[in-house]
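Per chain, numbering begins at 1; letters A, B, ... match sequence-line order. Hydrogens, waters and symmetry mates are skipped; everything else that's a heavy atom, side chains included, is used. Not measured: the values here are computed from a predicted model.
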Protein chains: 2
Amino acid sequence: MLKEKASIIPHECGDCPIRHRAVCARCESDELEQLDQIKYYRSYESGQTLIWSGDTMDFVGSVVSGIATLTQTMEDGRTQMVGLLLPSDFVGRPGRASAAYDVVAVTDIVMCCFRKKPFEEMMARTPHIAQRLLEMTLDELDAAREWMLVLGRKTAREKIASLIAIIARRDATLSKNGTRGLLVFDLPLTREAMADYLGLTLETVSRQVSALKKDGVIELEGKRRVTVPDFNRLLEEAGDDSDGGMLI
Amino acid sequence: MLKEKASIIPHECGDCPIRHRAVCARCESDELEQLDQIKYYRSYESGQTLIWSGDTMDFVGSVVSGIATLTQTMEDGRTQMVGLLLPSDFVGRPGRASAAYDVVAVTDIVMCCFRKKPFEEMMARTPHIAQRLLEMTLDELDAAREWMLVLGRKTAREKIASLIAIIARRDATLSKNGTRGLLVFDLPLTREAMADYLGLTLETVSRQVSALKKDGVIELEGKRRVTVPDFNRLLEEAGDDSDGGMLI
DNA sequence: GGTGCCGGTTGATCTAAATCAAAGCAAGGC
DNA sequence: GCCTTGCTTTGATTTAGATCAACCGGCACC
């Protein structure tokens with residue numbers, strides 16, 4: 001199978017696939033021109049660590065394509081994923097010198113990077129950027145808090161169902177396939193990465209995925225391709241309010 | 001013992017105890033005057049629910065004094081605390097109509113509330129407020145992510161030690177008592193609230209608190225008053241990098 | 001055509017924390 | 001004083017998930 005080339009890098013903000021969702025979403029064309037001055041693209045291969053916790057950060061940026069994870073690790077090796085970075089998500093924190101988490105590419109990835117200093121200066125005089133960043137940060141905070149409920153109170157089966165539901169929902173919004181009811185998508189994560197996300201061991205993840213399959217909650221084609229025949233059933237298994245889970 | 005009166009409510013921003021830490025921290029005096037137009041104080045008693053998840057919010061605001069919790073509850077009653085609100089913390093989300101979490105007063109509480117609509121309008125034209133709110137939200141996001149590691153990967157004993165360390169650290173920054181080494185403070189939470197924070201049962205919390213006491217990591221005076229003889233020891237028990245835990 | 005290796009599955013056993021149950025203790029009301 | 005109520009502790013038992021261990025299947029590489 002041919003590997004998709006990661007080298008199709010946009011150079012104009014106009015045809016950027018994340019133009020309307022990233023930090024720059026609210027910018028006018030003159031503001032985009034300013035951003036253009038301080039931006040550069042950079043690509044990473046699957047498995048590569050983009051940023052090590054503790055590194056000094058000289059840039060911030062947006063994920064243009066691909067998927068990365070944000071993880072925290074204890075001295076003895078226990079690791080917990082604390083965020084999943086998808087296209088349009090923002091990486092780095094203005095006003096902070098060093099990275100607080102490891103950022104690892106799960107697939108090949110393209111980043112749109114801004115040199116940190118000039119970006120901070122621009123943010124100070126461009127409310128559109130700060131406003132959008134606030135909005136995105138509030139969304140991430142909500143996601144993190146929802147995840148706290150998953151980590152703290154849900155059973156292994158509910159955790160797996162929750163993760164699949166999140167991926168399904170996100171996939172539906174990104175790929176905008178109008179076909180309701182039947183959802184098909186690929187799990188972007190290995191069993192181990194899923195375990196790190198859910199606070200489980202990879203064996204438990206494997207067992208619970210198999211159990212959900214046996215019970216007809218999901219169907220599997222190979223190890224990664226998932227079909228969800230009944231999204232509300234999945235939400236029930238996740239322990240969520242079934243009405244709260246409307247797509248989009 | 002006399003109950004502290006919650007009725008000492010500031011009316012001037014000038015002598016407000018959270019003036020330099022809340023959303024309004026960066027505001028100039030003319031901006032404070034504008035805020036003054038749309039603000040009002042409101043107090044709640046210990047145990048009262050300030051906001052129910054799903055309620056429409058007609059205000060946002062800052063905690064002036066007292067402590068509140070942010071909790072999420074599943075249909076079957078399992079609950080997870082997703083935030084602890086201390087003086088200067090912000091409540092509510094600009095741009096969102098309804099509350100996502102329950103907010104419950106743990107002690108008597110005084111809030112400085114802003115009517116939501118005018119606050120949003122003011123935020124749009126006052127970068128100082130949006131900037132400060134962004135900063136605060138980023139801090140909360142970091143705290144939430146640190147908590148994800150606690151919930152997902154730490155043992156019961158480590159969870160308790162982590163919680164005590166957080167409360168100790170916060171108490172040290174708030175009360176600014178320069179005495180290093182020996183920390184004394186009150187646990188503001190019941191065993192049940194601690195359990196909800198940590199994703200444990202209240203029995204496990206009680207057992208682990210006793211165990212930490214038996215092992216000399218903490219000392220107890222009554223049920224609530226805690227002394228930490230050696231903060232680094234506590235951090236070790238929490239599984240944290242001992243160097244990462246410097247006060248302030 | 002073997003031989004590693006990576007990601008995944010499956011099974012047996014162990015254990016930390018949950019659950020079930022009872023009782024202690026301080027504060028407040030009558 | 002006595003009783004209730006809310007919070008906490010302590011004990012016995014159960015269990016969900018971790019841990020330890022073996023093995024499977026595809027795929028790259030010599």
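What separates CG of B:L202 from C1' of C:dA22 is a distance of 14 Å, to the nearest Å. Atom CG of B:D186 and atom C1' of D:dC7 are 16 Å apart (whole Å). Atom CG in B:L189 sits about 14 Å away from atom C1' in D:dC7, given to the nearest Å. Look at NZ on B:K213: it is 11 Å from C1' on D:dT9, rounded to the nearest Å. Note: CZ (B:R207) to P (C:dA16) measures 14 Å, nearest angstrom. Nucleotide D:dT19 holds its P atom 10 Å from the CG atom of A:D76, rounded to whole Å. B:L200 has its CG atom 14 Å from the P atom of D:dT9, to the nearest Å. One atom, CD1 of A:I160, and another, C1' of C:dT9, lie 14 Å apart when rounded to the nearest Å.
For B:T204, the listed nucleotide lying nearest its side chain is C:dA18; candidates were D:dA18, D:dT9, C:dA18. Picking from C:dT9, C:dT19, D:dT8 the nucleotide with the shortest atom distance to the side chain of B:K223 gives D:dT8. Which of D:dA18, D:dT8, C:dT9 sits closest to the side chain of B:S206 comes down to D:dT8. Listed nucleotides D:dG17, C:dC20, D:dC20 differ in distance to A:A156; the shortest reach to its side chain belongs to D:dG17.
Scanning atom types as modelled, one donor and one acceptor separated by under 3.5 angstrom connect the side chain of B:E203 and the base of C:dC20. One cannot find a donor-acceptor pair under 3.5 Å joining the base of D:dT10 and the side-chain atoms of B:R191.
Along DNA chain D, the nucleotide closest to B:S210 and the one closest to A:T155 are compared, and the more 5′ of them pairs with B:S210. Mapping A:L220 and A:R153 onto DNA chain C by nearest heavy atom places A:L220 at the nucleotide closer to the 5' end.
Without hydrogens or angle criteria, B:S62 side chain to B:A22 main chain gives no donor-acceptor distance under 3.5 Å. At least one donor-acceptor pair closer than 3.5 Å links the side chain of A:S46 to the backbone N or O of A:V106.
A cation-pi geometry, defined here as NZ or CZ lying under 6.0 Å from the six-membered ring centre and within 45° of its normal, does not hold between B:R225 and B:F185.
Phosphate contact (OP1/OP2 of C:dA18, side-chain N/O of B:T201, threshold under 4.0 Å): present.
Aromatic ring pairs are classed by plane angle as parallel below 30°, tilted from 30° to 60° and perpendicular above 60°; the pair B:W147 and B:Y197 is tilted.
Among the atoms of the strands shown, none is found under 4.0 Å from any heavy atom of A:G222. Using a 4.0 Å heavy-atom cutoff across all strands shown, A:G47 reaches no nucleic acid atom at all. Heavy atoms of A:R224 sit under 4.0 angstrom from primed sugar atoms or phosphate atoms, though from no base atom. Within the nucleic acid shown, B:T190 comes within 4.0 Å of sugar-phosphate atoms alone, with no base atom in reach, counting heavy atoms only.
For the pair A:S162 and A:K154, the tightest heavy-atom approach, listed with the atom from each and the gap, is OG-NZ, 3.1 Å.
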